[in-house]
Amino acid sequence: MNRKYRKTVIAGNWKMNKTPSQTKEFMTALKAIMPKGRWCDVALCVPAICIPAAVRAMRETRVGIGAENCHFEAKGAFTGELATDMLVDAGCKYVIIGHSERREMFGETDATVNAKVLAALEAGLTPIMCCGETLEQRQNGVTEEHIAMQIKLGLKDVPEDKIRKVIIAYEPIWAIGTGLTATPEQAQEVCENIRAVVRKLYSSKNARVISILYGGSMNEKNAYELLAQPDIDGGLIGGASLVPEKFVQIIEAANQPTV
Ligand code: PGA
């Protein structure tokens, strides 16, 4: 982390877990144990049907609620989809875009990711744009090229004055939900490369202020070391964000003294 230049963000990704009633219970438990005083930006991205319960529960807090996906069109015949202004109206501040599970299981491409990032920015949402390599790509030594391509295509046409609003999440696919975590050095290396890509596409100034998160089996035990890396500005957390005590411990790890 480098809090001098950029925001530290701890974001939960609940995936397809918890009902609206369980959401209310979770939020009540979380509020009771949130650290006192100042903390980093905290987001919880929840299933669409849980958004109203989450927003209601966290109204008086600084925890931002987010969605896990959106559509890129403003409205129309897209059965089952949600437009960005629906999410804004429901009280969302964030939206996860291009999670590897959506890319692998629901046919998302760099082009749809890009269209969604643009739609989210237009609506005033903070997009959390995900990227990450497969184990095969890592073993074949093409991680850097693959991620650079995902970033370039995902950010296509994002104007200079909007790039700071984008959060990038690096999530090696082999580390998601597997209990395998990238080492702090591996995660740092990729996050540093992502920042270099942003520098080339935009400017040093923009690269310095954009928040880049690590995700993939981040938990209350390994968070401290991962977040101590200079280019890792927070975490996108799946499994460990489902348990209030674990999530709070990760927020506390993000409050550590910084470089
Ligand atoms: P995990 O999920 O923390 O359960 O590995 C992270 C993610 O997919 O965002």
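Ligands are counted one by one from 1 in listed order, and the atoms in each one are counted from 1 as well.
- Taking a cutoff of 4.0 Å between a charged side-chain nitrogen and a carboxylate oxygen, Lys162 and Asp157 do not qualify as a salt bridge.
- Under 4.0 Å from ligand 1, heavy atoms of Ile176 appear from its side chain as well as its backbone.
- Residues satisfying the side-chain contact (heavy atoms from CB on, under 4.5 Å) criterion with Gln139, sequence neighbours excluded, are Leu135.
- Looking only at protein heavy atoms, the nearest one to atom 2 (O) of ligand 1 is Lys15 NZ, 3.3 Å.
- Inclusion of Glu171 in the set of residues having an N or O under 3.5 Å from an N or O of ligand 1 is warranted.
- To the nearest 0.5 angstrom, Leu236 atom CG is 7.0 Å from Cys45 atom SG.
- Set against the non-hydrogen atoms of Ser217, the atoms of ligand 1 under 4.0 Å away are 1 (P), 3 (O), 5 (O).
- Residue-ligand proximity, Gly216 to ligand 1, at heavy-atom distances under 4.0 Å covers atoms 5 (O).
- Contacts between Ser241 and ligand 1 below 4.0 angstrom, taking non-hydrogen atoms only, are absent altogether.
- Taking the ring-ring contact (aromatic ring centres under 6.0 Å, His included) definition, one finds that Trp39 meets it with nothing, sequence neighbours left out.
- Short contacts between ligand 1 and Ala175, defined as distances under 4.0 Å to a heavy atom of the residue, involve ligand atoms 5 (O).
- A salt bridge between Glu108 and Lys116 is present, with a side-chain N of the basic residue lying under 4.0 Å from a carboxylate O of the acidic one.
- Remark: ligand 1 atoms within the under-4.0 Å shell around heavy atoms of Gly239 are 1 (P), 3 (O), 4 (O).
- Backbone and side-chain nitrogen or oxygen atoms of Ile237 are examined, and none is located within less than 3.5 angstrom of a nitrogen or oxygen of ligand 1.
- Of all atoms in ligand 1, listed by their number and element, those nearer than 4.0 Å to a heavy atom of His99 are 7 (C), 8 (O), 9 (O).
- On a distance-only criterion, Glu101 and ligand 1 share no N/O pair closer than 3.5 Å.
- Residue Gly238 has at least one N or O atom closer than 3.5 Å to an N or O atom of ligand 1.
- Checked for salt-bridge contact, Asp233 and Arg3 miss the test: no charged N lies under 4.0 Å from a carboxylate O.
- Numbered from 1 in the order shown, with element, the atoms of ligand 1 that lie under 4.0 Å from a heavy atom of Leu236 read 6 (C), 9 (O).
- By the 4.0 Å N-to-carboxylate-O rule, Glu101 lies close enough to Lys15 to be salt-bridged with it.
- A salt bridge does not link Asp41 to Lys93: none of the charged nitrogens lies less than 4.0 Å from a carboxylate oxygen.
- Relative orientation of the Phe247 and Phe26 rings is tilted, given thresholds of 30° and 60° on the angle between their planes.
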